[in-house]
Amino acid sequence: MISNTWRNFAGLILLSALSLSGEVKVLRNFTLIDGTGKSPAASSAMIIDNGRITWVGPVAQLKVPASAVVTDLTGKFVMPGIINLHGHLGNTVGLVQDSNLYTKESVEHDLKTYASYGVTTVLSLGIDKDLIFDIRDRQRAGRPSETRVYTAGLGLVYKGGFGGGLSLPGVPTPIIGAVSEVDPAVAQQARKKADFLKFWTDDNYGAVKRMPYDISKAIIETGHKYGLRVIAHVFYLEDAQHLVDQGIDALAHSIRDKPVDSALIASMKRHNTWLAAPTLSREDALFAYLKTPAFASDPFFTRGVSPDVLKTITSPEFQKKAAADPNISHYPETLKIGMKNLKALADAGVRYGMGTDTGVPGRFQGFFEHVELELMVQAGLTPMQAIVAATGSGAEFLKAKDLGTLEPSKWADLIVLGKNPVTDIKNTRTIEAVFLAGNKVY
Ligand SMILES: [Zn+2]
């Protein structure tokens, strides 16, 4: 009895000594891509203490702490974890999207999938059930082992319009028919402490109604009144111009009907409006399955999907279904316009992040973030610009001061790559390890 008590007591002392001294890790001899846009730095090293970076610099100046666990990464490249500013969680299992599938388990499954592809933070845009807030708050209180969540809770849709619960039945997104209905709907999202306020305006190629501008104005102003930044699904240049003039904080998609013009650019710069999420891979995916996509035989893709899903997306039935989409002929053109508009906005100095709209059937979480980076480069950005959009800029947009770059005091959310993504953006796919808050999660 006595000896057992003593043994437990000694164990307790040992445990608290360990947690007091912390858990220190050293990574060394890698090329650092820090997410700020600075040139890659060869022969770098990093000290991580309890999940946070405490020092980063040339390996020649490294002083290895006595208790540290040292990992040699000679020949490897280290970049920050990817931040996706437009994702969806929990509603899609395999190729089926159904709001009844949304559970803690399905959300956490998706967060683990994102993490395994190096996407360490996601902004979930507008179709989340309230259980998301427990997951988010638990993550923020500690050191998550799955992708960090920011959420817009439930976004607002226009009665007779597009998006949210109108596109995915069962999702209780507030349906707004008049300006007077805006305040209570926004107040509800603010009470839940949503990170952003989302709304949709689109007509799905003329099939439904776009949101009137008096309602979008009320949503934007009410969002700001409650301290929420506002982000919208847009398609049309005309809508974007009105929303930006009304003070919206960010667009959740590229403009896809017309080239952006100087009036929009001037207004975006004046209002500091972000193109948060170009979502080029969204348009790409809409016509990717007309034939067997090349990625269907890419092990980097297949490791993230079940054999059933792989069988289905390569089947003639699936291809026939893709071809039957009444809007199928539009997508190659809308992708092209979206790409040109991203490049035009970037060149003009408008701020942009990386976002995909994954988590919908056929838009696979994790893999498509890497497709997005590739498309951003095809649109004319440099690989470094695409990387900064997906790391440092993403964190800046989220006002996540602990994320996005590999600098002292930040969380050690990072990816170890076998090849240099700055010389070829497709090398973001050479993932050898993913760390979240200093813990290896893949
Ligand atoms: Zn979306």
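We count ligands from 1, going down the list as the structure has it; atoms in each ligand are counted the same way. Throughout, residue positions are numbered sequentially from 1 according to the sequence presented.
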Can a side-chain donor-acceptor contact be found between S267 and D245 if the only test is distance below 3.5 angstrom? yes
* So, H88 and the Zn ion (ligand 1): N/O/S under 2.8 Å, yes or no? -> yes
query = Measuring to the Zn ion (ligand 1), does H86 have an N/O/S atom at a distance below 2.8 Å?
reply = yes
The N/O/S atom of D357 lying closest to the Zn ion (ligand 1) is OD1
| Salt-bridged, R351 to E396, with N to O below 4.0 Å? | yes
Checklist entry - Could R282 and F368 be counted as a cation-pi pair, given that NZ or CZ must be under 6.0 Å from the ring centre and within 45° of the axis? => result no
Problem - Check: F196 ring centroid to Y150 ring centroid under 6.0 Å - result: no
